Structures are given as C-alpha cells and as structure tokens.
Amino acid sequence: MFAAERRQLILEMVRANGAVSLRELARVVQTSEVTVRRDVRALEAEGLLDRRHGGAVLPGGFTRESGFPQKSHLATAEKTAIADLAASFVDEGEAIVVGAGTTTQELARRLARVPGLTVVTNSLLVAQALAHANRVEVVMTGGTLRGSNYALVGSGAEQSLQGLRVSRAFLSGSGLTAERGLSTSNMLSASVDRALVQAAGEVVVLADHTKLGSDTMFQTVPTDVITRLVTDEPPCHDDRAATELQALADQGVQIAVTAGGGGSGAGQGPGRPGPESAAGDRRGPRRDVPLPGQRRNHPPGGGGPAPQLRSATPLSEASGGRVADLAPRRR
C-alpha cells in the first residue's frame with residue numbers, strides 16, 4: 001500500500017471512530033507502528049487529525065466522544081498505573097461512588113480487594129469488575145443504558161442519587177483544564193457525573209496526561225470542586241500537560257503522579273514535579289486533602305495562607321506513586 005493510500009485509510013478510521021490506537025491502525029493498514037506513527041505525524045501537520053499518546057483523534061479540542069472499544073486501547077499502561085495509585089486512597093469500609101470510563105473500570109478491578117467497601121456506580125463495567133468481590137457491596141443507579149460506554153444515564157440515574165452521601169467520588173472524563181475543570185463530550189453523561197459529585201465529600205479525578213489541556217463540550221466538575229487529580233508523568237516534550245498540571249496546582253488541586261508513568265524525564269523541565277526521599281506510610285498521605293469549598297475560602301489580599309500542596313511523599317511499591325510537590329506559584 002502506498003503512503004497516500006495508507007494515510008487516507010488512517011484518516012477514514014479516525015473520522016469514523018473519533019479515536020484509534022496506533023496498534024489498531026497498524027493492524028488495519030498492515031504495516032508497523034513506526035510507519036503508522038510517521039503517517040499520523042504527517043496528517044497532523046496538515047491539520048487533519050491530532051496525535052495523542054498511543055493513538056490519533058479528530059482535530060480540535062471539542063471532539064465527539066469515541067466508543068469504548070477505541071478508548072480501551074488508548075494509554076492502557078498509564079490507566080493501569082493511575083488505577084493502582086487511586087486505589088491506595090480507598091480505606092476499608094468506605095462508601096464511594098465510581099463513575100463510568102475505562103480508567104475507572106481499571107480502578108474497580110483493584111477495589112475488589114478492599115474489604116467492607118460499598119461502591120455506588122452508574123457503570124455496568126465497574127459493576128461487572130466488582131461482581132465477584134464477596135466483601136464489596138455494589139449499588140447501581142437506575143437510568144437508561146448508553147451503549148457507547150455501558151453507563152446508565154438520564155433522569156432515572158440522577159434521581160437515584162438524590163439524598164446519597166459518600167466519602168469520595170472517583171471520576172474520569174474526556175478532557176481536563178485548569179480553566180474549566182473536567183469535561184466530557186456527552187450531555188447526559190455530564191449530567192450524571194454532576195449528580196455523582198453532589199453525593200461526595202471529596203472528588204478525585206483520574207486522567208492520564210493525554211487528557212490534560214484538552215477541553216470538550218460539557219463541563220462536569222469545575223476546578224474548584226476537584227480535591228485531587230491522579231495522573232501519570234507527562235513526557236518531557238509535553239509542555240502543554242506539564243503547564244496544565246502546574247495551573248491545576250495553582251488553583252489548589254492536590255496532584256498525585258504515578259511512578260514510572262508516561263514520561264521518561266521525571267522531575268526535569270519547568271513545572272515538572274520531582275520526587276523527594278522522605279519516607280511515607282504504606283498508603284501515602286490522604287488526610288491532608290480539604291473538603292471541596294473549604295480549600296479556597298481564604299480572604300483576598302493575603303488575609304489567610306495560600307493553599308499549599310504537601311511535599312512529595314513516596315507511596316508504597318504496590319501503589320507505585322507519589323504526591324507531587326507542585327505548589328501554587330507566588331503571584
């Protein structure tokens with residue numbers, strides 16, 4: 001197949017699916033991932049698509065949502081590491097809510113080992129991952145099934161969450177920026193995610209570095225409501241993700257970064273978090289996280305201390321992460 005034919009086929013696949021992994025593209029066009037990566041780079045230079053870690057997506061920030069099969073092949077290693085770290089913040093006997101998404105599905109697989117846990121979810125995939133955990137109680141919302149991501153949405157889902165109160169909400173999405181917070185491409189999904197947030201004392205966002213700086217149509221969680229972001233280390237060349245991490249930290253979001261994530265230059269480059277050698281407990285710091293709404297109630301003009309992020313405390317090898325030492329810049 002000539003290069004022009006390959007690139008046309010790649011473009012058609014991305015337009016049809018919204019997002020496609022390099023592995024899948026290489027399989028369809030019957031060539032190596034190295035060649036496909038070169039083709040994707042050429043198509044991006046023409047403005048026909050955008051590159052993402054491990055794949056290609058439609059151009060522009062406000063892209064339509066891709067289906068579960070496409071999402072499940074993007075940034076798989078990063079999602080696994082994020083899920084490992086996020087699970088370390090969950091205690092035995094807690095009641096939490098877990099939203100829909102491929103990253104939260106990975107989290108659910110790890111939560112199956114936490115005894116006495118109660119998980120409220122609108123995701124069939126999350127429920128399936130916990131179905132055989134004999135010491136975890138699963139509570140599903142009502143609603144209408146949305147087949148593209150196997151989630152229950154609509155008024156039935158939202159009404160079933162009224163009056164609910166849990167300790168934490170774990171959510172994913174299509175994009176995350178310091179300006180708008182977490183966002184998604186579907187209005188019904190966004191509405192249910194907002195209802196999940198209303199039920200939780202703390203909000204933990206799970207987002208790999210490819211989502212940092214991306215903005216999609218419907219806001220789900222404003223930045224000032226996000227308690228903590230669990231993400232992977234951006235690659236050294238990804239200045240956009242690193243800048244967005246610092247901007248989120250400036251607004252008081254706790255940043256938890258997985259060890260050995262997507263980037264090879266941990267702690268290098270401007271605004272890049274670096275590890276410290278201080279020893280932490282087995283599960284890492286959790287109680288330093290303020291509740292939403294309390295974090296930014298300092299009076300203007302220096303009347304109270306600015307929100308600070310704790311110094312990096314390494315987590316256990318099992319969780320494989322740390323709390324980044326990003327702190328708000330002095331203005």
Side-chain angles (χ1 to χ4, degrees), residues 18-19 52-55 57 63 65-87 89-90 96-111 119-130 141 146 148-153 157 168-177 180-186 188-197 199-200 202-223 225-232 241 244 248 253 255-258 261-262 321:
R52 290 291 184 270
H53 184 76
V57 300
T63 59
E65 185 179 34
S66 56
F68 172 79
Q70 291 77 38
K71 288 182 178 180
S72 63
H73 294 296
L74 290 174
T76 53
E78 289 83 351
K79 291 174 183 177
T80 299
I82 289 168
D84 285 338
L85 179 52
F89 297 118
V90 180
I96 62 174
V97 295
V98 179
T102 53
T103 311
T104 52
Q105 180 189 23
E106 288 295 326
L107 170 63
R109 290 173 177 147
R110 286 140 185 86
L111 295 180
V119 178
V120 181
T121 185
N122 69 318
S123 169
L124 297 186
L125 298 175
V126 169
Q128 182 184 43
L130 295 168
T141 68
R146 186 165 177 264
S148 62
N149 65 345
Y150 303 95
L152 297 171
V153 297
R168 293 182 180 88
F170 291 86
L171 298 176
S172 187
S174 302
L176 178 65
T177 66
R180 291 185 72 221
L182 190 67
S183 61
T184 187
S185 304
N186 182 266
L188 294 175
S189 296
S191 187
V192 174
D193 281 354
R194 286 192 288 268
L196 292 172
V197 168
E202 300 176 2
V203 178
V204 182
V205 170
L206 313 182
D208 64 79
H209 73 270
T210 65
K211 297 177 181 178
L212 298 178
S214 295
D215 201 1
T216 49
M217 289 185 67
F218 300 99
Q219 183 192 58
T220 57
V221 188
T223 305
V225 177
I226 299 173
T227 308
R228 170 170 283 160
L229 165 65
V230 184
T231 187
D232 61 296
E244 208 66 48
L248 288 162
V253 177
I255 311 293
V257 182
T258 64

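Predicted model, so just to flag it, every value in this text is computed and none were measured.
- Counting heavy atoms from C-beta outward, V197 and L171 have side chains that approach closer than 4.5 Å.
- Within the 4.5 Å cutoff, the side chain of E202 has no heavy atoms near those of the R228 side chain.
- Residues T177 and E244 meet the side-chain proximity criterion, which asks for heavy atoms closer than 4.5 Å.
- Atom OG1 of T141 is separated from atom CG of L152 by 4.5 Å, given to the nearest 0.5 angstrom.
- By the 4.5 Å heavy-atom criterion applied to side chains, F170 and V90 are counted as neighbours.
- When all heavy atoms of A108 and L130 are compared, the closest pair comes out as O-CD2, 3.2 Å.
- For R110, the salt bridge (charged side-chain N to carboxylate O under 4.0 Å, His left out) partners at least two apart in sequence or on another chain are D84, E106.
- Between L212 and L229, some side-chain heavy-atom pair lies under the 4.5 Å cut-off.
- The side-chain heavy atoms of V253 and V205, taken from C-beta on, include no pair separated by under 4.5 Å.
- Taken from NZ in K79 to CG in D232, the straight-line distance is 11.0 Å, to the nearest 0.5 Å.
- When every heavy atom of A169 is checked against every heavy atom of L196, the shortest pair comes out as CB-O, 4.1 Å.
- Taken to the nearest 0.5 Å, the CZ atom of R180 stands 6.5 Å off from the OG1 atom of T216.
- Relative to the six-membered ring of F89, R168 misses at least one condition, a distance below 6.0 Å or an angle of at most 45° to the axis.
- Going from atom CG of L188 over to atom CZ of F218 covers 8.5 Å, rounded to the nearest 0.5 Å.
- Distance alone, capped at 3.5 Å, is enough to place a donor-acceptor pair between the T121 side chain and the V98 backbone.
- Heavy-atom minimum distance, A83 versus L107: CB-N, 3.5 Å.
- When each of T103, V230, T184 is checked for a side-chain contact (heavy atoms from CB on, under 4.5 Å) with S172, only T103 meets the rule.
- Side-chain polar atoms of T210 and D208 form a donor-acceptor pair below 3.5 angstrom.
- Residues L176 and I226 have side chains in contact (heavy-atom distance under 4.5 Å, counting atoms from C-beta outward).
- Once rounded to the nearest 0.5 Å, the distance linking OG1 of T223 with CG of L248 reads 6.0 Å.
- Summarising the geometry of N149 relative to L125, their closest heavy-atom pair is O-CD1, 4.3 Å, with the distance given to 0.1 Å.
- Panel note: side chain S183, backbone D215; no donor-acceptor pair is recorded below 3.5 Å.
- Listed for the N122 side chain is no donor-acceptor partner under 3.5 Å among the backbone atoms of A151.
- The closest side-chain heavy-atom distance from T104 to S123 is not below 4.5 Å.
- Contact record, R194 with T220: CG-O, 3.1 Å, taken as the closest heavy-atom pair.
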